Structure formats: C-alpha cells, structure tokens
Amino acid sequence: MSIITISRGSSSMGKAVAEKVAATLGYQVLSRDLLLNASDKFHVSQQTLLQALHDAPGLKDRYKNTKQIYIAYVRATLLEMVAGDNVVYHGLAGHLLLKELDHVLKIRIIGNLENRVMRKMREDGIAHHEAQSLILADDAQRKKWTRQIYGVDPADNTLYDMVICIDKLSVDDAAQFICGAASSTAFRSTEACLRKARDLSLACNVKAALVTEFPEVGITCEYGNMLLYTTDKIAHNGKFKKILDSIKQDTPGIFNLEVHAGVPVPLDAV
C-alpha cells in the first residue's frame with residue numbers, strides 16, 4: 001500500500017476527493033488532525049502552526065527562524081502519523097514535507113478560477129468579488145511560501161506524480177484515477193520504503209528537539225545510524241551535548257549517533 005498527498009488550492013474539491021479516495025481504499029484521512037497532534041506534542045497553538053505552513057515568512061520570521069522551528073515540529077509529527085502507511089493527507093505542503101519517501105503518491109488538483117469562485121460563493125455565502133479576492137490572495141500566499149521555504153513554484157507539475165483538472169470531472173472520477181495510481185507497483189510500500197520512512201521520522205524528531213536552539217544542524221539517518229552535521233563551536237557547546245545525551249536515552253530506534261563537526265551538510269539532511 002502507499003501514502004497519498006493531495007495538494008490543491010482553496011475551493012478545488014480537494015477535501016472531498018481525499019475523503020472519497022480514503023473511503024475507497026480503506027485508508028486513514030489526515031488533515032487538521034496533524035496540527036492538533038503537533039500542537040499537543042510541542043505545546044504550540046494550532047493557529048501558529050497553520051500560519052507557519054501557509055503564510056510566507058516575514059523579516060521577523062527569518063531573523064528568529066520561527067517558520068523553520070514550526071515546520072520542523074509539523075514535519076516530525078506528520079512522519080510519525082504516516083509511519084503505519086495507508087494514509088491520505090490533504091493538508092498543506094504534504095508533497096514537500098514527505099518528498100524524500102519513495103512510496104508517496106503526490107497529487108495536485110487544479111481548477112478553473114471562475115469555477116472555484118462560484119464554489120467559494122456557495123460555500124461561504126459571499127459575493128463574487130469577495131470570493132475571487134480571497135482565492136487569489138490565498139493562491140499568492142501559498143506560492144510565496146513555497147518559493148521562500150523550498151525554492152520551488154507550487155504550479156510546477158514536476159513536483160507531482162499526477163495533476164488532475166477537476167472542472168469536467170466528478171469527485172468520484174478524480175478519486176478513481178488516484179486509486180488506480182495508488183494501486184500500481186510504483187507506489188507500493190516495500191520493506192526498504194518503510195525502513196526509509198522510519199529513518200526519516202527519527203531524523204525529523206531529532207531535528208525538532210534541536211531546532212529551537214540549534215536550527216542550522218543538519219541530520220541524516222540510515223538503518224538507525226544518525227549523523228549530525230554542525231560547526232565546531234556547536235559540537236562543543238554544553239547545552240548541545242546535554243540535548244544529545246537526552247535524545248540518546250529517550251529515542252528508541254537510534255542505534256548510533258555521531259556528530260560531524262566542520263563538515264558540509266549533505267543535501268539530503270533534514
């Protein structure tokens with residue numbers, strides 16, 4: 001089986017499609033419950049985490065690394081929630097938060113602006129100009145966020161395995177396409193896929209434990225062997241060493257943990 005992420009703009013029927021796919025395949029559907037779990041685990045409000053995943057960083061955010069901190073919290077939580085596989089996630093940035101995993105089927109749903117505006121008018125009971133203004137502002141913010149955080153354009157089709165235009169399709173039609181793709185061998189989870197997911201989850205949880213004090217530390221993990229890449233100064237920092245000792249004691253699944261000081265951070269590090 002697999003993990004499915006569904007990315008969409010507002011009023012593009014993404015939620016309905018995700019729920020239909022999950023019901024058809026017998027998968028768990030995730031969205032706002034991610035924010036609830038992350039909020040409980042890291043003691044940050046859901047609204048703060050939502051803004052971190054939606055609003056582009058301002059100067060204050062970049063100076064204090066606040067977006068980086070909250071995204072690390074959300075990502076660590078999401079990796080834990082999808083570890084059991086058989087999940088449809090239709091929250092923000094799923095295709096980017098899980099991009100390293102091979103068995104993730106990344107879907108984007110698009111729609112004609114006027115159709116989305118009409119749907120927004122019906123959903124919220126608002127006028128045409130207000131609905132259009134809200135959708136365009138939301139699209140612009142998501143595009144700005146994705147470019148500033150990940151350096152990519154969310155409209156780039158190469159970020160996804162399948163792009164579905166919902167205009168002429170029903171929810172059932174779109175779900176049928178997605179279920180067919182999810183059932184292919186290309187996205188079937190293997191033991192290697194599940195092991196990679198476990199390793200990434202470990203790395204992301206350690207990142208979350210360090211990110212507030214040491215956001216520049218890069219982490220990789222393979223077969224439970226964890227490497228931390230940092231500067232000589234941080235490597236000899238007493239607080240850093242104390243946090244690592246706590247991580248070693250409290251984190252099951254880590255077989256070995258090494259600090260590589262003064263070494264460039266690999267591109268695949270979290």
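Along the sequence shown, the residues carry numbers beginning at 1. Bear in mind the structure is a predicted one, so any value in this text is a computation, not a measurement.
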Query raised in the report: Does the Thr48 side chain pair with the main chain of Val44, one donor and one acceptor, at a distance under 3.5 Å?
Result: no
Query raised in the report: Any idea which heavy atoms bring Ile71 and Tyr150 closest together, and the distance?
Result: CG2-OH, 4.4 Å
Query raised in the report: Quick one: CZ on Arg8 to CG on Leu92, what's the gap to the nearest 0.5 Å?
Result: 7.0 Å
Query - Test applied, side chain to side chain donor-acceptor pair (under 3.5 Å); reference residue, Ser11; option that passes from Arg122, Arg116, Glu123 - result: Glu123
Query raised in the report: Does the side chain of Leu159 reach to within under 4.5 Å of the side chain of Lys106, using non-hydrogen atoms?
Result: no
**Report entry** Check against side-chain hydrogen bond (donor to acceptor under 3.5 Å, both in side chains), Glu258 and His260
**Finding:** CA-CA 6 Å; Glu258 297 179 8; His260 289 201; 3.2 Å; yes
Requested in this report: To the nearest 0.5 angstrom, please state how far the NE2 atom of His129 sits from the CG atom of Leu134.
Outcome: 9.5 Å
Query - Working for side-chain contact (heavy atoms from CB on, under 4.5 Å), residues Glu216 and Ile234 - result: CA-CA 10 Å; Glu216 64 271 50; Ile234 290 177; 3.1 Å; yes
Query raised in the report: Is there a donor-acceptor pair closer than 3.5 Å between any side-chain N or O of Trp145 and the backbone N or O of Ala93?
Result: no
Report task. Step through the shown structure and confirm whether more than 12 heavy atoms of other residues, nucleotides or ligands are within 6.0 Å of CD on Gln176. Result -> no
Query raised in the report: Yes or no on side-chain hydrogen bond (donor to acceptor under 3.5 Å, both in side chains) for Asn256 and Asn225, after CA distance, side-chain angles and deciding distance?
Result: CA-CA 5 Å; Asn256 186 47; Asn225 298 300; 4.6 Å; no
**Report entry** Side-chain heavy atoms of Met81 within contact of Asn37, under 4.5 Å
**Finding:** yes
Query raised in the report: Can Ser170 and Asp172 be said to form a side-chain hydrogen bond (donor to acceptor under 3.5 Å, both in side chains), step by step?
Result: CA-CA 5 Å; Ser170 67; Asp172 287 354; 5.2 Å; no
Query raised in the report: Got a second to check how far Ser12's OG is from Asp139's CG, nearest 0.5 Å?
Result: 7.5 Å
**Report entry** Backbone of Ile247 reached by a side-chain donor or acceptor of Thr251 within 3.5 Å
**Finding:** yes
**Report entry** side-chain contact (heavy atoms from CB on, under 4.5 Å) between Thr146 and Asp153, intermediate numbers included
**Finding:** CA-CA 6 Å; Thr146 307; Asp153 188 331; over 6 Å; no
Query - Residue pair Gln28 / Asn86, side-chain donor-acceptor N/O under 3.5 Å - result: no
Query raised in the report: Taking all non-hydrogen atoms of both residues, which atom of Ala131 and which atom of Met121 are closest, and how far apart?
Result: CB-CG, 3.6 Å
**Report entry** Side chains of Val88 and Leu30 in contact at under 4.5 Å (non-hydrogen atoms)
**Finding:** no
Query raised in the report: Which atom names give the shortest non-hydrogen contact between Tyr73 and Ala38, and what distance separates them?
Result: O-CB, 4.4 Å
Query raised in the report: After noting the C-alpha distance and the side-chain angles of Val87 and Thr5, does the key distance pass the side-chain contact (heavy atoms from CB on, under 4.5 Å) rule?
Result: CA-CA 8 Å; Val87 170; Thr5 65; over 6 Å; no
Query raised in the report: Passes salt bridge (Lys or Arg N to Asp or Glu O under 4.0 Å), Lys41 versus Glu80? Steps please.
Result: CA-CA 12 Å; Lys41 182 175 181 177; Glu80 288 184 348; 2.7 Å; yes
Query raised in the report: About how many Å separate OG of Ser7 and NE2 of His90, when rounded to the nearest 0.5 Å?
Result: 12.0 Å
Report task. Could you tell me whether Asp138 and Arg142 make a salt bridge, using a distance below 4.0 angstrom between a side-chain N and a carboxylate O? Result -> yes
Report summary line: Shortest non-hydrogen pair, Lys67 vs Gln51, comes out as NZ-O, 2.7 Å
Query - Tyr27 reachable from Leu194 in the ILVMFWY side-chain graph, under 4.5 Å edges - result: no
Query raised in the report: So, are Asp245 and Lys241 salt-bridged, with charged N and O less than 4.0 Å apart?
Result: no
Report task. Taking the side chain as every heavy atom from C-beta outward, state whether Thr24 and Lys20 have any pair of such atoms under 4.5 Å apart. Result -> yes
**Report entry** Hydrophobic cluster membership, Ile135 vs Ile126, 4.5 Å side-chain cutoff
**Finding:** no
Query raised in the report: Is there a donor-acceptor pair closer than 3.5 Å between any side-chain N or O of Lys207 and the backbone N or O of Pro215?
Result: yes
Query - Any donor-acceptor N/O pair, Asp33 side chain to Ser31 backbone, under 3.5 Å - result: yes
Requested in this report: Please report the C-alpha distance between Asn205 and Leu79 in whole Å, then the side-chain angles of each, then the deciding distance to 0.1 Å, and finally whether the side-chain contact (heavy atoms from CB on, under 4.5 Å) criterion is met.
Outcome: CA-CA 9 Å; Asn205 271 283; Leu79 262 297; 5.7 Å; no
Query raised in the report: Do Leu169 and Ile107 belong together in a cluster built from hydrophobic side chains that touch within less than 4.5 Å?
Result: yes
**Report entry** Contact check, side chains of Asp102 and Phe187, non-hydrogen atoms, under 4.5 Å
**Finding:** no
Requested in this report: For atom CZ of Arg32, decide whether the heavy atoms of other residues, nucleotides or ligands shown that lie under 6.0 angstrom number more than 12.
Outcome: no
**Report entry** Considering all heavy atoms, the nearest Leu202-Pro252 contact
**Finding:** CD2-O, 3.4 Å
Query raised in the report: Between Arg188 and His103, is any pair of side-chain heavy atoms under 4.5 Å apart?
Result: no
Query raised in the report: Same cluster or not: are Ile166 and Val171 linked, directly or through other Ile, Leu, Val, Met, Phe, Trp or Tyr residues, by side-chain heavy atoms under 4.5 angstrom apart?
Result: yes
**Report entry** Check against side-chain hydrogen bond (donor to acceptor under 3.5 Å, both in side chains), Asn112 and Lys168
**Finding:** CA-CA 10 Å; Asn112 176 273; Lys168 295 182 179 180; over 6 Å; no
Query raised in the report: Should Ile4 and Val29 be counted in the same cluster of Ile, Leu, Val, Met, Phe, Trp and Tyr side chains packed under 4.5 Å apart?
Result: no
Requested in this report: Could you grab the distance from atom CG of Leu244 to atom CG of Leu228, nearest 0.5 Å is fine?
Outcome: 6.0 Å
Query raised in the report: Going from CG on Leu200 to CZ on Arg195, what distance comes out if it is rounded to the nearest 0.5 angstrom?
Result: 11.0 Å
Query raised in the report: Any side-chain heavy atom of Ile243 sitting closer than 4.5 Å to one from Leu210?
Result: yes
Query raised in the report: Any side-chain heavy atom of Leu227 within less than 4.5 Å of one from Leu257?
Result: no
Query - Note: Arg198-Glu191 ion pair, threshold 4.0 Å (strictly below) - result: yes
Query raised in the report: Shortest non-hydrogen contact from Ser39 to Leu49?
Result: N-CD1, 3.6 Å
Requested in this report: For Lys15, look at atom NZ and say whether over 12 heavy atoms of other residues, nucleotides or ligands are found less than 6.0 Å away.
Outcome: no
Report task. Check whether any side-chain N or O of Arg75 sits under 3.5 Å from a backbone N or O of Leu97 as a donor-acceptor pair, and report yes or no. Result -> yes
Query raised in the report: Can you check ring-ring contact (aromatic ring centres under 6.0 Å, His included) on Phe255 and Tyr223, steps first, answer last?
Result: CA-CA 8 Å; Phe255 300 132; Tyr223 293 97; 9.1 Å; no
Query raised in the report: Is there any ring-ring contact (aromatic ring centres under 6.0 Å, His included) pair reaching into residues 155-183, and which pairs are they, with sequence neighbours excluded?
Result: His95-Tyr160
Query raised in the report: With sequence neighbours left out, which residue pairs that include part of residues 227-238 fulfil the side chain to side chain donor-acceptor pair (under 3.5 Å) condition?
Result: none
**Report entry** Charged N-O contact under 4.0 Å between Lys196 and Glu100
**Finding:** no
